[in-house]
Amino acid sequence: MSIQAAFGLADEAGLDLVEVSPGETPVCKLMDFGRARFEAQKKAAKARKKQKTFEIKEIKMRPNIDQHDYEVKMRAVNKFLGTGDKVKVTMRFRGREMAHQELGMKLLNKVRDETEELAKVEQHPKMEGRQMTMVIAPTK
């Protein structure tokens with residue numbers, strides 16, 4: 001159909017002529033463009049609303065952390081995992097502690113074991129300069 005005939009048909013129906021597929025032979029559609037745009041916005045807003053957002057919370061430790069301090073940090077880790085956030089556990093090494101990285105690895109493995117029923121390891125412990133990091137995410 002010619003463009004003029006299509007415009008006449010759209011004007012007669014009180015609708016808009018919308019090009020759906022441009023190309024050698026364009027495909028057009030008669031529709032209420034304002035309403036279609038409104039419905040697309042509503043659909044996008046609904047998809048954004050259902051989207052789960054999470055933050056990455058960070059807990060910093062040292063390899064020779066005291067037992068009580070460790071328990072306080074673990075309470076925070078469990079709270080973060082309970083609210084659905086990922087947790088990045090950072091082990092900082094200073095001075096001579098760099099010679100005993102196995103202590104840090106042992107501590108991160110202990111964190112992993114204690115949070116096993118709440119979370120899964122998303123990024124296994126790895127050294128980055130003077131710190132070792134591990135990311136755990138809730139299993140829900």
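The chain is numbered in sequence order, starting from 1.
Note: the hydrophobic cluster containing M127 does not contain V135 (ILVMFWY, side chain heavy atoms under 4.5 Å, direct or indirect links). M105 is connected to M91 through a chain of hydrophobic side-chain contacts under 4.5 Å among Ile, Leu, Val, Met, Phe, Trp and Tyr, so both are in one cluster. The hydrophobic cluster containing V27 does not contain L9, counting ILVMFWY residues as joined when their side-chain heavy atoms lie under 4.5 angstrom apart, directly or transitively. The hydrophobic cluster containing M74 does not contain I56, counting ILVMFWY residues as joined when their side-chain heavy atoms lie under 4.5 angstrom apart, directly or transitively. Criterion: ILVMFWY side-chain heavy atoms under 4.5 Å apart, direct or through other members. Under it, V72 and I65 are not part of a common hydrophobic cluster.
Rounded to the nearest 0.5 Å, atoms OG1 (T133) and CZ (R92) are 11.5 Å apart. For the atom pair CG of L15 and CG of L17, the computed distance is 10.0 Å after rounding to the nearest 0.5 Å.
Listed for the D16 side chain is a donor-acceptor partner under 3.5 Å among the backbone atoms of F33. Side chain of D85 to backbone of L81: no donor-acceptor contact under 3.5 angstrom is found.
The minimum heavy-atom distance between E19 and P26, with the atom names listed, is OE2-CB, 3.4 Å. In this structure, R130 and G95 approach most closely via the heavy-atom pair NH1-N, 3.7 Å. Here the closest non-hydrogen pair linking G104 and M132 is C-SD, 4.2 Å. Across L107 and P63, no two heavy atoms sit closer than the pair CD2-O, 4.2 Å. The minimum heavy-atom distance between F93 and Q101, with the atom names listed, is CE2-CA, 3.8 Å.
Ion pairing between a basic and an acidic side chain is recognised when a charged N comes within 4.0 Å of a carboxylate O; K120 and E122 show no such pairing. Using a cutoff of 4.0 Å between basic side-chain nitrogens and carboxylate oxygens, K126 and E128 are scored as salt-bridged.
The closest side-chain donor-acceptor pair between N78 and R75, if any, does not fall under 3.5 angstrom.
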As a quick check of understanding, evaluate side-chain contact (heavy atoms from CB on, under 4.5 Å) for E55 and K86, giving each step before the final call.
CA-CA 6 Å; E55 290 183 41; K86 293 183 181 182; over 6 Å; no

Starting from the C-alpha separation in whole Å, work towards a yes-or-no answer on salt bridge (charged side-chain N to carboxylate O under 4.0 Å, His left out) for K106 and E102.
CA-CA 6 Å; K106 194 184 299 182; E102 71 278 355; over 6 Å; no

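With E71 as the fixed residue, the side chain to side chain donor-acceptor pair (under 3.5 Å) test singles out one of K73, H68, Q67: Q67. A side chain to side chain contact (heavy atoms under 4.5 Å, CB included) with I136 is found for one member of V121, L108, L118 and no other, namely V121.
Between M61 and T90, the closest side-chain pair of non-hydrogen atoms is not below 4.5 Å. Residues M134 and H124 are not in side-chain contact: their nearest non-hydrogen atoms beyond the backbone lie 4.5 Å or more apart. Between N64 and L103, the closest side-chain pair of non-hydrogen atoms is not below 4.5 Å.
Because its NZ or CZ atom is not both nearer than 6.0 Å to the ring centre of F38 and within 45° of the ring axis, K43 does not count as a cation-pi partner of that residue.
Atom NZ of K79 is surrounded by 12 or fewer heavy atoms from other residues, nucleotides or ligands within 6.0 Å. The number of heavy atoms from other shown groups lying within 6.0 Å of CD (E117) is above 12.
The side chain to side chain contact (heavy atoms under 4.5 Å, CB included) check on A76 picks up I59, F80, with sequence neighbours excluded. Considering only residues two or more places apart in sequence or on other chains, E97 meets the salt bridge (charged side-chain N to carboxylate O under 4.0 Å, His left out) condition with R62. Contacts of S2 classified as side chain to side chain contact (heavy atoms under 4.5 Å, CB included), with partners at least two apart in sequence or in another chain: Q4, A5.
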